[in-house]
Amino acid sequence: MDVLSVLQWIGVVVCLILALSGLIPVVAAAATFVVIPFHAWINHYKKAAPYLPRVAIVVPAWNEGAVIGASIDRLMKLDYPLEALRIYVVDDASTDDTPDVVRDRASRYPGNVHLLRREQGGQGKAHTLNHGIAKVLEDDWMEALLIMDADVIYTPTSLRRMTRHLADPEVGAVSAYIHEGSEDRNWLTKFISTEYVLSQPAARRAQNVLGAQACLAGGAQLHTRENLLAIGGRIDTSTLAEDTITTFETQLQGRKVVFEPHAHVLAEEPRAIDGLWKQRLRWARGNVSVTARYAKVWFRPTRRHHLGGISFGIVWFSLWLLPLIMILSSIGLAGLLFLSNEVATGVFRVLWISAALAYLFVLILGSQTDGATTKRELGHVLLFPGIINMLVMVTALFPPVMLVWLPGLFGVTLDGPALFAITLAIYIWIPFSMVVAWLARKAEKTRAGRWLSPALIYLAGYGSLLCAITFDSYLKELAGTEARWDKTEKVGRVATG
């Protein structure tokens, strides 16, 4: 065997490994969802019991005048003893009518609603929360602490469903199911609704079964007083992922975190790509710091918790590194195409047939966890991966149909060079779809943005948009860009009736 043949063989092996890395997130997603049905038996309800502790609710608020009044009103209508509820709105030096709205509610609900004013604000949500938590901890009244966002609307039974888990002294925190609750949904909020079904009642049920939660919902997290004190009596202010840090620390201290899928709360989510990009970039950059901070935890399960164990670690890193995995897999496929077309074809079909089957499995099983939302947003559920990705899946499943029969309908016969060019385009589409998603954000600011921006996302896929944002977080970290806390603008679109 000559040197050229050896180098070609090595190149094929390297490209094969890179290409097959694309199976990691596919397998991780399928493996996560396969345990969801076990939630019927492996759950915390056996240890839950009617329990109504005294709950202090801390609400950070900066320029939330449009939403804070309705949120307080709904809290006062909870199926929960009013004498066991105190709401502390921490006004972060708002420049709108937020303090006036809160004072009005304090006069309507004396003893239940309290305004705490920070004269110097702008430090971020965690600092604002800590101002309120410090006040709450000054006396012994509070037995449980609920952290929520100013725009979140709690359904009547939500808090009662959460507190029942605190009857078990081993539980430190409970999280609720946050829906996208806008009355006038647009194309983007419909995609977000679908994402939330797959990431909350579906994925977090699986995490309940596996024994470790990745993140308490930032706008709906309930802590016992003991747990709050155990994690330091304050929220971490060193990262943009204070809710994830709190979740991890709770479990590392030996207490359980439980997701309660039947405690429903409604929140307003961004209606434009730019707003979503800023929100998710903040989350993604926070996850970078979480990954680094808990480097000694990953893949090392203990008897006290399953946080960072093998299954948990694979799922965490397959999501966090998904854009990089997508790029490497495409490089591997493209390399195989030039080095060994036959191998490339086989690997491509394995990857995309696996992806198609996993997507169908995740879609069908995940949709059953919230049938109402799935039924309402069925079109966006089906279009979630993007039109072009769906065509690529069909190509992998039925190559003659897409490459021979379909072109033949238009009197086109693909010759060798044309077939090679189309094949290469298909192989590199996945990372290119992130570019298309980035272009959708740019297009949003143009005159044609109203129709062009959603059209590009429908083509590229909502998942590609999320991956593009995560990839942007890589670039921001490498460039050393300051991690800023950008507030998600809310205007009161959540249904309150």
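Just so you know, these numbers come straight off a predicted model, no measurement behind them.
- Judged by distance alone, the side chain of S329 and the main-chain N or O of S21 form no donor-acceptor pair under 3.5 Å.
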Practice problem: Would you check, one step at a time, whether the test side-chain hydrogen bond (donor to acceptor under 3.5 Å, both in side chains) holds for S433 with S464? | Solution: CA-CA 6 Å; S433 69; S464 294; 2.8 Å; yes
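- Side chain of Q251 to main chain of V257: no donor-acceptor pair is present (N/O by atom type, distance under 3.5 Å, no hydrogens or angles).
- Although no hydrogens or angles enter the test, the distance criterion places a donor-acceptor pair under 3.5 Å between the side chain of N130 and the main chain of I235.
- Ring-plane geometry between Y474 and W320 is classed as perpendicular, the angle between the planes exceeding 60 degrees on a 0 to 90 degree scale with a lower cut at 30.
- A donor atom on one side chain and an acceptor atom on the other are found under 3.5 Å apart for R293 and S238.
- Ring planes of F420 and F338: perpendicular class, angle over 60° (limits at 30 and 60°).
- For Y45, the OH atom is densely surrounded, since the number of other residues' heavy atoms within 6.0 Å is greater than 12.
- Using a distance-only test at 3.5 Å, with no hydrogens or angles considered, a donor-acceptor pair links the side chain of T291 to the main chain of N287.
- Considering H179, Q279, R185 as possible partners of E269, the one that fulfils the side-chain hydrogen bond (donor to acceptor under 3.5 Å, both in side chains) test is Q279.
- The shortest side-chain heavy-atom distance between V435 and F432 falls under the 4.5 Å cut-off.
- For the pair T194 (side chain) and K190 (backbone), a donor-acceptor distance under 3.5 Å is present.
- One N or O on the side chain of D151 and one on the backbone of E268 form a donor-acceptor pair closer than 3.5 Å.
- Side-chain contact check for L365 versus P37: some heavy-atom pair is nearer than 4.5 Å.
- Contact check for W298 versus F317: side-chain heavy atoms found under the 4.5 Å cut-off.
- Side-chain contact between R280 and L465 is absent, with no heavy-atom pair separated by less than 4.5 Å.
- Taking the six-membered ring for Trp and the full ring otherwise, F33 and F361 have centroids separated by 6.0 Å or more.
- Using bins of under 30°, 30° to 60° and over 60° for the plane-to-plane angle, the ring pair H264/H262 lands in the parallel bin.
- For the side-chain hydrogen bond (donor to acceptor under 3.5 Å, both in side chains) test with E170, the passing option among K256, H44, H165 is K256; the others fail.
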Quiz item: Which is it for T246 and D243 under the side-chain hydrogen bond (donor to acceptor under 3.5 Å, both in side chains) test, yes or no, and what are the steps along the way?
Solution: CA-CA 5 Å; T246 300; D243 45 5; over 6 Å; no
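- In Y196, the OH atom is crowded: over 12 heavy atoms of neighbouring residues, nucleotides or ligands sit closer than 6.0 Å.
- Checking side-chain atoms of N389 against main-chain N and O of A460 turns up a donor-acceptor pair under 3.5 Å.
- Ring planes of W187 and Y458: tilted class, angle from 30 to 60°.
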